[in-house]
Amino acid sequence: MRTFHNEGYSREKDRDKSIGFKSKYKNLGEFWDELELFPIQRPFIPVCYGGIFMTTRYQIEKQFNTWEKLVDVLARSDIIEEGHFVERAWSTQLSKPLNPEKNFYLA
């Protein structure tokens with residue numbers, strides 16, 4: 001997952017401009033590292049498909065500095081690679097870490 005990168009994006013042919021889409025980050029891992037989104041390495045990380053998830057107020061409030069960093073990064077433009085990186089971070093940032101004892105069942 002850390003090696004994910006995206007060269008361009010268009011929901012429909014010629015609909016979205018791709019000029020300025022590419023970020024300064026080589027891949028998702030470099031983005032996470034620079035923004036310090038994942039200070040702890042985990043064998044499994046939760047993901048969110050379809051953009052629908054739930055969280056608690058506590059999970060949001062405990063990461064106030066993270067939100068400030070993300071606002072700054074995402075302010076660059078509308079359709080940008082950083083947006084795709086952030087989509088892959090929501091679930092891990094907003095969910096409680098998986099119980100290490102349960103990792104056995106996922107392996």
Side-chain angles (χ1 to χ4, degrees):
M1 194 158 166
R2 290 182 55 86
T3 59
F4 170 80
H5 68 282
N6 196 334
E7 296 299 327
Y9 176 75
S10 181
R11 287 172 279 198
E12 297 172 11
K13 187 176 187 214
D14 299 325
R15 177 181 166 184
D16 301 308
K17 63 179 180 161
S18 60
I19 298 170
F21 174 84
K22 188 71 180 143
S23 72
K24 68 178 186 175
Y25 307 100
K26 185 172 87 173
N27 55 37
L28 180 59
E30 189 175 291
F31 176 78
W32 284 347
D33 292 344
E34 183 168 315
L35 272 63
E36 299 174 343
L37 293 178
F38 297 101
I40 299 170
Q41 294 297 318
R42 304 175 187 170
F44 298 99
I45 58 172
V47 295
C48 174
Y49 297 107
I52 300 170
F53 57 89
M54 292 175 45
T55 191
T56 64
R57 177 184 222 163
Y58 172 76
Q59 291 297 105
I60 294 170
E61 290 175 345
K62 78 176 189 173
Q63 300 183 61
F64 184 76
N65 292 335
T66 298
W67 306 128
E68 288 183 324
K69 291 177 191 177
L70 291 177
V71 166
D72 290 343
V73 167
L74 295 174
R76 182 170 72 83
S77 189
D78 186 21
I79 308 282
I80 55 176
E81 187 176 31
E82 291 92 326
H84 292 266
F85 291 159
V86 171
E87 285 177 344
R88 285 151 179 82
W90 290 133
S91 187
T92 301
Q93 292 301 116
L94 296 173
S95 63
K96 294 180 181 177
L98 298 171
N99 181 331
E101 296 172 3
K102 306 289 184 189
N103 287 340
F104 169 79
Y105 298 105
L106 297 173

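Computed over heavy atoms, backbone and side chain alike; hydrogens, waters and symmetry mates excluded.
- For Glu87, there are no side chain to side chain donor-acceptor pair (under 3.5 Å) partners at least two apart in sequence or on another chain.
- Within the structure, the salt bridge (Lys or Arg N to Asp or Glu O under 4.0 Å) test picks out the following pairs touching residues 65-74 (sequence neighbours left out): Glu36-Lys69.
- In this structure, CD in Glu82 is found 10.5 Å from CG in Leu70, a value given to the nearest 0.5 Å.
- By the side-chain contact (heavy atoms from CB on, under 4.5 Å) test, Gln59 pairs with Thr55, Thr56, Lys62, Lys96, sequence neighbours left out.
- When all heavy atoms of Glu81 and Ser23 are compared, the closest pair comes out as OE1-OG, 2.8 Å.
- With contacts defined as side-chain heavy-atom distances shorter than 4.5 Å, the pair Lys24/Glu34 qualifies.
- The line from CG of Leu74 to CD1 of Ile80 is 5.5 Å long, rounded to the nearest 0.5 Å.
- Phe31 pairs by the ring pair (Phe, Tyr, Trp, His ring centres under 6.0 Å) definition with Tyr25, Phe85, not counting sequence neighbours.
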